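Structure record follows, encoded as structure tokens.
Worth saying up front: this structure is predicted, and the values here are computed from it rather than measured.
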Amino acid sequence: MSSQKFARPIFDNPFFNIEELPNDTIKRKPEPLIPANSDPNDTSLVISKDVDLDINKKTWLRIYVPRRIIANHDDDKLPVIFYYHGGGFVFFHANSYGWDLFCQGLAEKLGVMVIALEYRLAPENRLPAAYDDAIDGLNWIKSTQDEWIRNYSDLSNVYLFGSSSGGNMAYHAGLRVASSSYKELEPVKIKGLILHQPYFSGKNRTESEEKLKDDQLLPLHAIDKMFDLSLPKGTLDHDHEYSNPFLNGGSKHLDDMVTRGWGILVTGVSEDPLVDGARNFANFVEEKGIKTFKLFGDGYHVVELFEPSMAAVLFDATRDFISATKN
């Protein structure tokens with residue numbers, strides 16, 4: 001009998017039986033992609049638009065703003081959440097149905113601007129390509145003359161938020177920013193990181209990875225396979241700085257995060273193989289002196305994508321985190 005309390009969704013799970021193809025690519029099945037919605041006459045609570053980031057890399061950004069801000073000509077500037085979607089670095093897009101719906105919820109429920117990054121996927125573009133794209137995005141908002149950014153964003157209150165592999169991205173993008181000069185991104189000021197069920201793993205298995213190795217949504221073989229496909233070629237095992245944040249005592253740039261006064265919110269759920277890694281990470285950065293906020297409860301990996309009502313607790317915790325760190 002299964003020990004799982006939460007029934008997993010029934011869908012065509014790309015994490016099972018990942019098929020590698022010649023020339024460093026994999027087979028990806030078609031999925032629903034949602035167009036941006038900037039129609040001023042639409043009744044949706046959030047409007048969105050897409051802007052090019054780097055046409056050569058085929059990267060772009062989707063910007064979400066609560067409709068009421070534009071409709072009411074509100075002068076209040078919104079905190080900015082830079083969002084990185086999940087998918088093990090090898091699947092999905094910023095306009096995939098579930099991630100688009102999630103970003104709409106973030107913008108509407110929290111009253112923030114969300115900027116979702118369409119980044120390059122592995123194995124065609126292995127890490128650190130996605131991290132590079134994340135930094136490209138931050139440099140774009142620093143210098144753009146985009147009307148929505150100019151009129152509605154508070155660039156002094158910016159947060160890096162990622163789900164699963166996106167949480168890994170938020171962490172590594174944060175390390176890069178923390179290690180740089182304060183003036184490099186001005187007027188953009190990062191206030192914190194939100195690592196939602198972050199995708200970390202290593203050579204030594206956590207208890208939750210062992211216990212949930214046959215998870216119906218994110219089995220251990222898929223965790224391993226996607227790191228095999230995304231880590232730099234020639235990597236011998238998963239004790240690599242991109243996958244294992246504890247390696248060699250952690251990044252020296254964690255001290256820079258402390259100096260900058262950033263906070264980190266880390267989340268995890270009971271029936272996610274990644275939960276022990278997330279919990280260990282939260283304790284680890286807390287011991288390093290970073291202001292650490294934790295949200296651990298019940299559920300399965302990225303449950304919010306399949307059961308949107310489950311996002312309420314996460315949204316509340318994110319709102320509280322922004323309130324606690326924005327000044």
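- With a 4.5 Å cut-off on side-chain heavy atoms, Lys77 and Ser153 do not count as touching.
- Rounding to the nearest 0.5 Å gives a distance of 11.0 Å between CG of Asp276 and CD of Glu210.
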Practice task
Would you check, one step at a time, whether the test side-chain hydrogen bond (donor to acceptor under 3.5 Å, both in side chains) holds for Tyr83 with Ser163?
Solution key: CA-CA 8 Å; Tyr83 184 75; Ser163 298; 2.6 Å; yes
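- Ion pair Lys49/Asp39 not flagged as a salt bridge, since none of the NZ, NE, NH1 or NH2 atoms sits closer than 4.0 Å to an Asp/Glu carboxylate oxygen.
- Here Asp228 does not pair with Lys225 in a salt bridge; the nearest charged N to carboxylate O distance is not below 4.0 Å.
- Taking hydrophobic clusters as Ile, Leu, Val, Met, Phe, Trp and Tyr residues chained together by side-chain heavy-atom distances below 4.5 Å, Val65 does not share a cluster with Trp60.
- Residues Leu193 and Phe284 are members of one and the same hydrophobic cluster, defined by side-chain heavy-atom contacts under 4.5 angstrom among Ile, Leu, Val, Met, Phe, Trp and Tyr.
- Remark: side-chain polar atoms of Tyr199 are paired, donor with acceptor, to backbone N or O of Phe227 under 3.5 angstrom.
- By the 4.5 Å heavy-atom criterion applied to side chains, Trp140 and Val51 are counted as neighbours.
- Looking only at side-chain heavy atoms (C-beta outward), Val303 and Asp272 stay at 4.5 Å or farther from each other.
- Aromatic ring orientation, Trp99 versus His85: tilted (interplanar angle from 30° to 60°).
- By the salt bridge (Lys or Arg N to Asp or Glu O under 4.0 Å) test, Arg205 pairs with Asp224, sequence neighbours left out.
- Put simply, the side chain of Thr318 gets close to the backbone of Leu314: a donor and an acceptor are under 3.5 Å apart.
- When hydrophobic clusters are built by joining Ile, Leu, Val, Met, Phe, Trp and Tyr residues whose side-chain heavy atoms come closer than 4.5 Å, directly or via intermediates, Leu218 is grouped together with Phe296.
- Clustering ILVMFWY residues whenever any of their side-chain heavy atoms sit less than 4.5 angstrom apart, transitively, puts Ile34 in a cluster other than the one holding Val46.
- Pro219 places none of its side-chain heavy atoms less than 4.5 Å from the side chain of Asp214.
- Val114 and Leu110 fall within a single hydrophobic cluster, where Ile, Leu, Val, Met, Phe, Trp and Tyr side chains are chained together by heavy-atom contacts under 4.5 Å.
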